Participant: 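Got a structure for you, written out below as C-alpha cells; questions coming shortly.
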Amino acid sequence: AVVSTQSGHYGRDQDDDFEFTGNHLVVHDGMSTITEAMSKGLNIRHNTACVGIKYTDSGVEVATREVNQVNSSWATNTTNTITADAVLLTIPLGVLKKEKLKSDP
C-alpha cells in the first residue's frame, strides 16, 4: 500500500509539533506503564510453556512447564497445573499448526 494513503499518515503533518496537543499526548514514564497497570493482580507467567488445556465446569486447568531461556529446552521435567476461571494464551501460529498443544475438549 502507498504510505500517503494510510489512515495513520493521511492528512497529518508529522513534523507539526502542535497538531496533537494536550496532556494526553505523552504517557509519563513510558508506554509500559499501561500494560503494568492492566496486569496488576493477574497471574502472568514468563518463560512458561503451556502443554495442555482442560476445560472444566468450574473453569480451566492449564498444564505448564518452565522453559530454559538460554537454549529453549525444558528447565525441569515437572509439569505444573494452574487452575483458573479463564485463561489468555498467546500462541504462535506455527505451534498451533504442529498441534503440539493438547486441549480437552
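If you're wondering where the values come from, they're calculated on a predicted model, not measured in any experiment.
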Participant: Keeping the roles fixed (side chain from T48, backbone from R45), state whether a donor-acceptor pair exists under 3.5 Å.
Facilitator: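 The answer is no, because no donor-acceptor pair under 3.5 Å joins these two groups.
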Participant: Could you check whether any side-chain N or O of S39 sits under 3.5 Å from a backbone N or O of L42, counting only pairs where one atom can act as donor and the other as acceptor?
Facilitator: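 Pair absent, no side-chain N/O of S39 close to backbone of L42.
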Participant: Using residues 81-88 as the side-chain source, report each donor-acceptor pair under 3.5 Å to any protein atom, sequence neighbours left out, with the distance given to one decimal.
Facilitator:
none

Participant: Quick one: pull up CG in L93 and NZ in K97 and give me the separation to the nearest 0.5 Å.
Facilitator: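 It is 4.5 Å, given to the nearest 0.5 Å.
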Participant: Go through the structure and list residues passing side-chain hydrogen bond (donor to acceptor under 3.5 Å, both in side chains) with D29, not counting sequence neighbours.
Facilitator: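 Checked D29 against side-chain hydrogen bond (donor to acceptor under 3.5 Å, both in side chains); zero matches.
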Participant: Let's go through I44 and H46 carefully: what are the C-alpha distance in whole Å and the side-chain angles of both, what is the deciding distance for side-chain contact (heavy atoms from CB on, under 4.5 Å) to 0.1 Å, and is it a yes or a no?
Facilitator: CA-CA 7 Å; I44 297 175; H46 297 278; 3.8 Å; yes
Participant: List the steps, then state whether side-chain contact (heavy atoms from CB on, under 4.5 Å) holds for E61 with I53.
Facilitator: CA-CA 6 Å; E61 294 176 357; I53 301 172; over 6 Å; no
